[in-house]
Amino acid sequence: MKHSLVTIANLTKEKIEYLVEMAQEFEKYPNRKILEGKVLATLFFEPSTRTRLSFETAANRLGARVIGFTDPKVTSSTKGETLKDTIIMVGGYADIIVMRHYLEGAALYASEVAPVPVVNAGDGANQHPTQTMLDLYSIYKTQGTLENLNIHLVGDLKYGRTVHSLLMAMRHFNPTFHFIAPKELAMPEEYKQYCREHGIKFVEHEDFNEDIISQADILYMTRVQRERFTDLMEYERVKDVYVLKAAMLEKAKENMRILHPLPRVNEIAYDVDEDPHAYYFQQAKNGLYAREAIICDALGLTIEDVRNDKTIIL
Ligand code: CP
């Protein structure tokens, strides 16, 4: 059945595991014609490199065609066209809409008015569910499980939508979270309350050092989200609060992996790139397979359809 993906909070444990399994199928054979004849629209009201390009790559590698825009300034929204009208109209052209918007709740609204499935590619500081699916796929690939992991979230936990979505998704897998942030960027109370309500263990820290890193299975670094600050002086005060350097990894567990949704600014020094714990570029690549799975699932294709698919291009 066709359906939208607006929030990770609606996905069951079984559905998450199913999408991880489907992503594995696509990693084995990413090039197919299973979506031949379909059109995917990418509507990006905010900048993006990875999310848009990996969705477009996914569509292209599966035989679909892509329409869309990367800058709302070149669309009729500058003439006053509403989001509702834009979505209804694009829904008449495309089979599926992938949308990033600066307003929290925009994806939910779009999914309610669209005649086709809508995939949320990020709505303000709220949710980024497809990033979460690639994060989960990356965690599964590197740890061999999603269960019982120590996950350290570092940096901008206030505005970083990827960490909000990740903690919601992990509620099924008995994690222990470590929230590492300065007071100004601490995990918002609503998400801590979510943890309490769902029995998710968490510890808060302001220090970021070797001893704290030594406990991590996943060290999830984040960028301080400059674009969400109303007071740029405050941004200047906190922007370089934590910088991960290779020397800080000496006590890290051998199988610990460093994730980052990217783009990075200063929060991971370049000397970390050569460290075996670094995984963020592979993580971004995993986005292709995760998004191939998400597009197919939203369009109503099942894992059996993918396994039985005879259109693989080697
Ligand atoms: N991780 C992520 O959302 O990157 P982009 O903003 O480049 O899409």
Side-chain angles (χ1 to χ4, degrees), residues 5-8 19 23 40-61 66 68-73 96-104 106-107 110 118-142 151 153-170 185 218-229 235 239 244 257-268 272-273 278-295 298:
L5 174 58
V6 171
T7 168
I8 205 77
L19 288 172
L40 175 137
T42 51
L43 310 187
F44 276 66
F45 292 86
E46 270 197 336
S48 166
T49 298
R50 277 147 292 276
T51 309
R52 184 177 65 80
L53 291 177
S54 61
F55 264 114
E56 294 188 359
T57 305
N60 279 304
R61 288 190 181 275
V66 177
F69 55 82
T70 59
D71 181 354
K73 286 199 210 75
I96 180 168
I97 295 172
V98 176
M99 184 179 85
R100 172 170 288 186
H101 203 283
Y102 47 86
L103 287 179
E104 296 184 20
V118 172
V119 176
N120 182 4
D123 60 330
N126 185 32
Q127 285 264 323
H128 196 347
T130 71
Q131 175 72 42
T132 303
M133 279 315 308
L134 78 90
D135 293 344
L136 294 171
Y137 185 49
S138 299
I139 293 170
Y140 182 78
K141 269 178 74 176
T142 60
I151 301 183
L153 305 178
V154 185
D156 186 349
L157 309 188
K158 180 177 178 184
Y159 297 116
R161 56 194 171 197
T162 66
V163 293
H164 302 158
S165 293
L166 183 60
L167 82 78
M168 287 179 154
M170 288 303 297
L185 299 176
I218 293 292
L219 184 61
Y220 195 101
M221 301 296 298
T222 64
R223 170 180 71 89
V224 178
Q225 308 261 307
R226 184 178 189 277
E227 64 276 26
R228 314 251 179 250
F229 280 75
Y235 169 74
K239 67 178 184 185
L244 179 65
R257 289 293 175 271
I258 302 161
L259 304 188
H260 189 311
L262 303 176
R264 73 171 145 184
V265 184
N266 287 324
E267 57 280 355
I268 300 180
V272 178
D273 295 359
Y279 194 73
Y280 26 93
F281 291 119
Q282 183 61 45
Q283 176 192 2
K285 187 173 176 193
N286 290 339
L288 169 62
Y289 316 123
R291 287 176 172 130
E292 287 187 321
I294 287 164
I295 296 169

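Being a predicted model, the structure only gives us computed values, none of them experimental. Order of listing sets the numbers, starting from 1, for every ligand and every atom in it. If you read the sequence from its start, that first residue is 1, and numbering goes on from there.
Comment: Glu46 engages Arg228 in a salt bridge, judged by a side-chain N to carboxylate O separation of less than 4.0 angstrom.
Side chains of Thr51 and Arg100: a donor on one and an acceptor on the other come within 3.5 Å. There is no side-chain donor-acceptor pair under 3.5 Å between His260 and Arg223.
Ligand 1 lies under 4.0 Å from heavy atoms of Ser48, Thr49, Arg50, Thr51, Arg100, His128, Gln131, Pro261, Leu262.
In this structure Gln282 satisfies the side-chain hydrogen bond (donor to acceptor under 3.5 Å, both in side chains) test together with Asn286, sequence neighbours excluded.
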Exercise. Does the side chain to side chain donor-acceptor pair (under 3.5 Å) test come out yes or no for Thr42 and Arg52, once each step is laid out?
Worked result: CA-CA 7 Å; Thr42 51; Arg52 184 177 65 80; 5.5 Å; no
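Between His101 and Phe45, the ring planes are tilted. Angles from 30° to 60° get that label.
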